[in-house]
Amino acid sequence: MIARTDRCRHDCPPGVMSEVRVRFAPSPTGYLHIGGVRTALFNWLWARRHGGSFILRIEDTDVDRNLRESTSVILESMRWLGLDWDEGPEVGGPHGPYFQSERLELYRAYAERLVATGHAFRCYATREEVEAARAAHEARGGRDFRFVSPWRDGRRPPPHSDAPYAIRLRAPRTGSTGFVDLVKGRIDVPNEQQQDFVLLRQNGLPLYNFACVVDDVEMGITLVARGDDHVVNTPPQLLLYEALGRTPPRFAHLPMILGQDGKKLSKRDGAVSTTEYRDAGYLPDALLNYLARLGWSHGDQEVFRRDELVALFDWSRVGATAARWDPKKLAYIQAEHLRALSDARIAELAMPFLERAGLRPDRRTLEAAVATVRTRAVTLVDVADMVDFYFREPPRIDEQAAARFLVESTRAAREELAALLETVEPFDAATLEARVHQWLQQTGRSLKQVAQPARVALTGRTASPGLFEVMAVLGKERTVARLRAADPRPSQLTSTGG
RNA sequence: GGCCCCAUCGUCUAGUGGUCAGGACAUCGGCCUCUCACGCCGGUAACAGGGGUUCGAAUCCCCUUGGGGUCGCCA
């Protein structure tokens with residue numbers, strides 16, 4: 001206890017805030033949704049800021065769609081993001097197991113206890129009967145169906161001794177249930193809106209609202225931060241806490257992340273799955289920075305390091321408005337984070353992408369190459385792509401660029417330049433620039449005339465880092481060779497039909 | 001439809017009764033320049049509408065409109 005209090009190195013009141021226990025509870029859908037990442041992030045930040053515990057729990061009480069496989073994708077994504085958990089799958093913890101599908105006896109015990117205390121009851125209605133009641137209700141134009149079980153109050157006996165039953169909560173019909181949300185403020189819902197929702201299905205599996213509360217109670221969760229879509233789940237859950245005689249945690253409901261069209265975020269807005277951003281060469285810290293700024297702010301600051309986020313994050317700065325996903329702004333934040341990295345670090349991170357392209361550059365050259373593209377690239381994929389020509393022999397030459405610049409009329413200049421370069425020593429950018437300018441002056445040519453043909457010969461493209469930097473990284477031998485090899489492409493010589 | 005939530009530039013936001021309503025992304029000009037970027041300078045651009053409260057409202061209250069969420073033996 002004392003040790004835990006000491007671990008809170010911030011200005012929080014002793015005792016209460018020092019026991020921060022938060023959780024992220026995804027269901028195994030096969031991938032980690034980018035919106036879920038923000039929820040996870042805010043929970044994680046809160047735990048880390050206060051030296052508390054961040055718990056990962058897998059909500060797989062439904063069907064068989066879960067699979068270890070889709071869980072591992074989520075864990076992998078969390079690890080890539082650097083959102084480490086103190087308790088959960090693979091790391092264990094004192095409140096495990098952390099898969100709901102492995103906690104079934106616990107839910108049953110809680111449910112039976114609620115039946116015993118009169119807070120819940122066994123409902124023998126079949127699924128068909130409930131569906132029929134719903135259909136009848138809707139036929140009458142009703143939209144807000146609430147099943148009223150004949151077993152709720154009366155002494156009605158079970159159909160027969162071993163009849164299957166679901167366990168339902170005996171919810172209050174009057175009054176209201178409310179709470180103070182950390183981002184939305186006071187929220188109250190009339191209890192008429194509540195219903196005797198199912199805790200345990202006939203097959204013994206718990207439903208979300210029930211399992212969630214049991215686990216949050218068992219795991220000692222002090223603050224539940226989750227998506228906006230769960231605000232309607234909170235009042236029923238509050239009923240459960242009351243029935244259980246436990247004080248509920250605090251709640252913080254984060255506004256949704258919408259697509260650019262204001263609708264639900266979908267593939268049309270770019271990637272929705274975390275691994276896609278990883279594969280597209282985004283940096284975890286950049287993604288997290290962008291996500292944090294979606295709904296949270298700290299004055300005018302836009303770019304945050306991870307440790308700054310941890311130090312600064314607070315619920316009072318979380319906005320209540322839904323935000324739209326903006327790939328352009330993400331790209332900006334990503335570029336900022338990339339540029340904050342050293343050449344060596346970028347080289348290290350880009351290496352897998354280079355290898356994916358079949359290149360295995362030596363580290364020193366790669367770092368030098370990275371230095372020339374770092375202000376031009378946004379993602380690591382960009383880095384790999386922009387640096388490609390340094391390491392591919394021969395370089396890939398863009399056909400249109402060749403057709404325009406690697407033509408007879410520029411040949412003489414290219415050859416003269418090659419001859420000149422052969423004599424330059426040392427072969428560094430400053431020296432190269434000085435000698436080339438000297439040569440230009442002597443020959444009466446302009447850099448504008450010579451630069452593009454040389455650039456295409458050297459890099460295969462019309463856009464590239466500065467010419468002299470490129471030459472220096474390439475080295476004398478390859479620079480000269482590429483200038484000389486870059487005669488009109490064969491395809492062009494034959495393009496007239498010869 | 002019931003219930004709940006939300007509402008400042010195109011977008012993310014600052015603003016907590018008195019500001020020329022600020023910043024950032026995007027966008028549009030310009031500078032730099034061997035291309036493309038980076039960088040720098042500058043511009044366009046917002047308090048959804050209507051009522052109140054107040055000496056004074058982006059800020060407080062109500063209504064309207066618009067948007068979102070949710071109404072399962074899914075999570």
Side-chain angles (χ1 to χ4, degrees), chain A residues 25-29 59-63 65 100 123 125-127 130-131 134 141-147 164-168 181 183-185 187-190 192-195 197-209 211-212 227-235 253 255-256 258 260 262-264 290 293-303 317 319-333 335 339 373-378 382 386 401 405 433 436-437 440 446-456 459 461-468 470:
Chain A
S27 55
T29 50
E59 313 234 319
D60 58 349
T61 58
D62 192 29
V63 274
R65 69 166 179 226
Q100 290 189 326
C123 174
T126 64
R127 192 155 192 160
V130 175
E131 287 310 321
R134 184 197 315 284
R143 189 69 186 77
D144 52 339
F145 176 70
R146 283 185 282 279
F147 183 69
Y165 59 86
I167 293 181
R168 287 177 181 270
D181 190 273
V183 346
K184 293 178 185 295
I187 295 178
D188 271 285
V189 174
E192 314 156 22
Q193 293 291 320
Q194 302 266 18
Q195 58 180 316
F197 62 91
V198 172
L199 273 27
L200 230 48
R201 301 180 252 226
Q202 281 188 357
N203 65 10
L205 292 179
L207 261 85
Y208 170 74
N209 272 337
C212 179
D228 222 347
D229 48 337
H230 284 289
V231 310
V232 291
N233 284 324
T234 309
H253 288 97
M256 310 241 75
L258 273 21
Q260 287 155 287
K263 305 287 187 199
K264 204 149 122 195
Y290 174 68
R293 277 294 287 106
L294 225 46
W296 173 85
S297 64
H298 179 72
D300 286 342
Q301 190 173 346
E302 300 285 349
V303 180
R317 303 302 314 169
T321 322
R324 299 186 190 212
W325 184 257
D326 182 0
K328 293 257 189 61
K329 179 111 182 218
L330 168 61
Y332 166 78
I333 298 290
R339 282 168 209 149
V373 304
R374 56 178 304 138
T375 60
R376 282 164 251 261
V378 172
D382 293 339
M386 289 177 172
F405 294 106
E433 180 159 17
V436 168
H437 272 107
L440 288 170
S446 73
L447 186 53
K448 267 197 192 320
Q449 294 178 290
V450 182
Q452 285 306 75
R455 186 186 317 283
V456 175
T459 71
R461 311 174 183 198
T462 54
S464 83
L467 259 189
F468 306 110
V470 168

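Small disclaimer: the values here were computed from a predicted structure and weren't measured. We use all heavy atoms of the structure for the numbers below, so side chains are in, but hydrogens, waters and symmetry mates are not.
Across all their heavy atoms, A/L258 and A/A322 have their closest contact at CD2-CB, 3.7 Å. Of all heavy-atom pairs spanning A/D382 and A/A377, the tightest one is CB-CB, 3.7 Å. Smallest separation of non-hydrogen atoms from A/V198 and A/L207: O-CB, 3.6 Å. Minimum heavy-atom separation, A/R376 to A/G466: NH2-N, 4.0 Å. Between A/V232 and A/D229, the shortest heavy-atom contact is CG2-O, 3.8 Å.
For the pair A/R317 and B/G15, the criterion of a side-chain N or O lying under 4.0 Å from OP1 or OP2 is met. At the phosphate of B/A14, OP1 or OP2 sits under 4.0 Å from a side-chain N or O atom of A/S297. In terms of phosphate contacts, A/T61 brings a side-chain nitrogen or oxygen within less than 4.0 Å of OP1 or OP2 of B/A75. OP1 or OP2 of B/C71 has not a single side-chain nitrogen or oxygen of A/R134 nearer than 4.0 Å.
Atom name C1', nucleotides B/G50 and B/A57: the rounded distance is 15 Å, in whole Å. Taking atom C1' on both B/A14 and B/C9, the two are 13 Å apart, rounded to the nearest angstrom. If you take atom C1' in B/U11 and the same atom in B/A46, they sit 12 Å apart, rounded to whole Å. For B/G51 and B/U70, the P atoms lie 36 Å apart once the distance is rounded to whole Å. Annotation: B/G72 and B/G66 have their P atoms spaced 26 Å apart (nearest Å). One C1' atom belongs to B/C4, the other to B/G22, and the distance between them is 33 Å to the nearest Å. Rounded to whole Å, the P atom of B/U54 lies 16 Å from the corresponding atom of B/U59. B/U16 sits 14 Å from B/U8 when the C1' atoms are compared, rounded to a whole Å.
Side-chain atoms of A/Y290 come within 3.5 Å of backbone atoms of A/D326 as a donor-acceptor pair (strictly under, hydrogens ignored).
One interatomic measurement links the two molecules: CZ of A/R168 to P of B/G72, which rounds to 10 Å at whole-angstrom precision. If you measure from atom NE2 of A/H253 to atom P of B/A75, you get 17 Å, rounded to the nearest angstrom. Summarising the geometry, the separation between CG on A/D382 and P on B/C38 is reported as 12 Å, rounded to the nearest angstrom. Per the geometry, CD belonging to A/E192 stands 19 Å off P belonging to B/C71, to the nearest Å. Put simply, NE2 on A/H230 is 15 Å from C1' on B/C71, counting in whole angstrom units. Regarding A/F197, its CZ atom lies at a distance of 13 Å from the P atom of B/G72, rounded to whole Å. The CG atom of A/L200 sits 15 Å away from the C1' atom of B/G72 (whole-angstrom rounding). Distance, A/D229 CG to B/U70 P: 6 Å, rounded to whole Å.
Ring orientation note: the planes of A/F145 and A/F147 are tilted relative to one another, at an angle of 30° to 60°.
Nearest nucleotide to the side chain of A/E59, out of B/C12, B/C36, B/A75: B/A75. Between B/C73, B/C12, B/C34, one nucleotide has an atom nearer to the side chain of A/F468 than all others, and that is B/C34. Which of B/G39, B/U35, B/C73 sits closest to the side chain of A/V130 comes down to B/C73.
A/G295 comes within 4.0 angstrom of the backbone, heavy atoms only, and of no base. Within 4.0 Å of A/R461, counting heavy atoms only, lies no atom of the nucleic acid at all. If you check every strand for non-hydrogen atoms under 4.0 Å, A/R324 touches sugar and phosphate atoms only. At the heavy-atom level, A/P26 lies nowhere under 4.0 Å from the strands shown. A/L467 comes within 4.0 angstrom of a nucleotide base, judged by non-hydrogen atoms across all strands. Across all strands shown, A/A125 has heavy atoms under 4.0 Å from base atoms, whether or not it also approaches the sugar-phosphate.
Base pairing of B/U11 is made with B/A24, judged by Watson-Crick or G-U wobble geometry with both donor-acceptor distances under 3.5 Å. The partner of B/G18 is B/C55, by the rule that a Watson-Crick or G-U pair needs both atom distances under 3.5 Å. Partner assigned to B/C31 is B/G39, using Watson-Crick or G-U wobble distances below 3.5 angstrom.
In this model, a donor atom of one side chain and an acceptor atom of the other lie less than 3.5 Å apart for A/H253 and A/D181.
Exactly one residue among A/Q449, A/R455, A/K448 makes a side chain to side chain donor-acceptor pair (under 3.5 Å) with A/Q452. That residue is A/R455.
Interface remark: the A/D60 side chain does not form any donor-acceptor pair with the B/A75 base, using a distance-only criterion of under 3.5 Å. The base of B/C36 lies close enough to the side chain of A/R376 for a donor and an acceptor atom to sit less than 3.5 Å apart. Side-chain atoms of A/R127 stay outside donor-acceptor range of the base of B/C73, with no qualifying N/O pair under 3.5 Å.
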Take A/I187 and A/T234 through the test side-chain contact (heavy atoms from CB on, under 4.5 Å) and record every step on the way to the result.
CA-CA 10 Å; A/I187 295 178; A/T234 309; over 6 Å; no
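Taking 4.0 Å as the cut-off between side-chain N and carboxylate O, A/E192 and A/R146 do not count as a salt-bridged pair.
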Contact string for nucleotides 20-28 of chain B, one letter per nucleotide 5' to 3', B = base within protein heavy-atom range under 4.0 Å, S = sugar-phosphate only, - = neither, reads --BBBSS--
Treating primed atoms plus P, OP1 and OP2 as sugar-phosphate and everything else as base, which nucleotides of nucleotides 1-9 of chain B get B, S or - for protein heavy atoms under 4.0 Å?
BSSSSSS--
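For the pair A/S27 and A/D60, the minimum side-chain heavy-atom distance is 4.5 Å or more.
Taking CZ from A/R168 and CG from A/L200, the interatomic distance works out to 12.0 Å, rounded to the nearest 0.5 Å.
The 5' end of RNA chain B is approached more closely, in terms of each residue's nearest nucleotide, by A/H298 than by the other of A/N233 and A/H298. Comparing A/Y290 and A/A166 by the nucleotide of RNA chain B whose heavy atom lies nearest to each, the residue mapping closer to the 5' end is A/Y290.
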